[in-house]
Amino acid sequence: EEQQSQARFDAIIDDDSRIEPRDWMPEAYRKTLTRQVSQHAHSEIIGMQPEANWITRAPSLKRKAILIAKVQDEAGHGLYLYSAAETLGTARDELNEQLLTGRAKYSSIFNYPARTWADMGAIGWLVDGAAIANQVPLCRASYGPYGRAMVRICKEESFHQRQGFEILLALSRGTEAQKKMAQDAINRFYEPSLMMFGPPDEQSPNSKQSMAWKIKRFSNDDLRQRFVGMIAEQVKVLGLTLPDPELRFDQESGKWIHKDLNWDEFMSVIKGGGPMNAHRMERRRAAHREGAWVREAAAAYANKQAQSEVA
Ligand code: ACO
């Protein structure tokens, strides 16, 4: 029977069709998806912090309203993704516990500080831009609930990217000091945003199997070079530069070549040693503690409703 189930699973994958929660799946498939989808959810939730910190300092009412909406979207993305992860059989409480105790990873990028208003632009343009480049192919991920969650998330992410670009565009057309602030933000976020795509292919332990299962459709390096090609063009519109003298399009391979990235720094950040790791985790734990009364009230209410249904 196990063999038959495996054959059915393989046929669905070969067909480019979708695995749904009640279908049989190999335990390793379930495990790697739970890992990736929950890490993705945690990233959305932790990723609210650098921008939420700027809501009170946004330079106008309009910018404030936009930023609030964006941070709220990220909370929503986290919720769809936790729901998708739960369909694989691990409860939300357990996933949350893995984050709060530091057992689960979340994206490296959110462990860097957002120092200036221009960073809100660089985060939107580069960080959300990298997120889209990585996530558009995930809309076709073989696991149904994940792929479907990605569709809506990508639509919202493209708004986020445009608002970031527009912040930088306004600054780049502003005073000398504003232009300098925009360039400085790009300089600081360029490398970390390229690292969001994960380690180089030869050091990516999960890629091969995840691509065979059609969870990932492209390799880390492949998506990274595509993204660099996109921003290499867009930065010209800003009249600013990318901090990468080696950046060029290689005719022969048809790929963009960028400078070597600091992978030691990446490893240190994903192990918890980034400039903001401790701060982000402390903030998340505090928010969870402070939200205890909401969870208790919701549980008490649900209990009461259930009682009155019985009566
Ligand atoms: N930040 C933190 N951890 C990372 C990162 C990163 N940028 N890139 C890779 N890792 C981790 C992997 O989770 C894996 O850890 P584990 O095996 O200990 O669990 C390890 O480094 C090795 O990497 P890979 O073998 O390449 O892992 P994988 O095949 O999962 O690829 C990738 C990594 C590309 C990030 C993939 O998981 C993915 O596409 N995830 C969905 C997108 C996502 O999570 N985006 C979050 C940021 S975007 C946003 O929230 C706005």
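Whatever order the structure lists ligands and atoms in, that order sets their numbers, starting from 1. Predicted model, so just to flag it, every value in this text is computed and none were measured.
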Part of [X] within contact of ligand 1 (heavy atoms, under 4.0 Å):
X	value
Lys216	side chain
Val127	neither
Val269	neither

For [atom], the protein heavy atom that lies nearest, with its residue and separation:
atom	value
atom 35 (C) of ligand 1	Met196 O, 4.0 Å
atom 27 (O) of ligand 1	Asn206 ND2, 3.3 Å
atom 7 (N) of ligand 1	Ser108 OG, 3.0 Å
atom 5 (C) of ligand 1	Phe266 CZ, 3.6 Å
atom 19 (O) of ligand 1	Arg35 CD, 3.0 Å
atom 3 (N) of ligand 1	Ile270 CG2, 3.5 Å
atom 18 (O) of ligand 1	Lys105 NZ, 2.5 Å
atom 26 (O) of ligand 1	Ser204 OG, 2.7 Å

Taking only non-hydrogen atoms of Pro199, do any sit less than 4.0 angstrom from ligand 1? yes

Within-shell test, Tyr146 vs ligand 1, heavy atom, strictly < 4.0 Å: yes

Proximal ligand 1 atoms for [X], defined as those under 4.0 Å from one of its heavy atoms:
X	value
Gly198	8 (N), 9 (C)
Ala131	48 (S), 51 (C)
Tyr106	1 (N), 2 (C)
Phe197	34 (C)
Gln39	12 (C), 13 (O)
Met195	7 (N)

d(Ile46 CD1, Lys105 NZ) to nearest 0.5 Å is 14.5 Å

Which option out of Glu44, Gln135, His40 puts a heavy atom nearest to atom 48 (S) of ligand 1?
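Closest candidate by heavy-atom distance is Gln135.
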
Tested for side-chain contact (heavy atoms from CB on, under 4.5 Å) against Gln49, the lone hit among Arg283, Glu74, Met276 is Arg283

Pairing of [X] and [Y] as salt bridge, 4.0 angstrom limit:
X	Y	result
Asp119	Arg188	yes
Asp184	Lys180	no
Asp201	Arg224	no

**Prompt:** What's the verdict on side-chain hydrogen bond (donor to acceptor under 3.5 Å, both in side chains) for Asp221 and Gln225, showing C-alpha distance, side-chain angles and the deciding distance?
**Reply:** CA-CA 6 Å; Asp221 285 332; Gln225 68 81 27; over 6 Å; no

Please indicate, with yes or no, if any protein heavy atom is found under 4.0 Å from atom 32 (C) of ligand 1?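 It does not: no protein heavy atom is found less than 4.0 Å away from atom 32 (C) of ligand 1.
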
Verdict with reasoning, Glu309 to Gln305, per side-chain hydrogen bond (donor to acceptor under 3.5 Å, both in side chains)
CA-CA 6 Å; Glu309 269 162 34; Gln305 292 293 102; 5.2 Å; no

- Query: Side chains of Glu2 and Gln6: is there a donor and an acceptor less than 3.5 Å apart?
  - Reply: no

Can you check side-chain hydrogen bond (donor to acceptor under 3.5 Å, both in side chains) on Arg152 and Tyr80, steps first, answer last?
-> CA-CA 10 Å; Arg152 176 161 173 190; Tyr80 320 141; 2.7 Å; yes

- [ ] Start with the C-alpha gap between Arg30 and Glu27, add the side-chain angles, then the distance that decides, and say whether salt bridge (Lys or Arg N to Asp or Glu O under 4.0 Å) holds.
- [x] CA-CA 5 Å; Arg30 190 185 295 281; Glu27 270 317 299; 3.3 Å; yes

Original post:
Would you find a donor on one side and an acceptor on the other, under 3.5 Å apart, between the side chain of Gln135 and the backbone of Met150?
Top reply: no

- Using the ring of each side chain (for Trp, its six-membered ring), is His40 parallel, tilted or perpendicular to Tyr146, with breaks at 30° and 60°? perpendicular

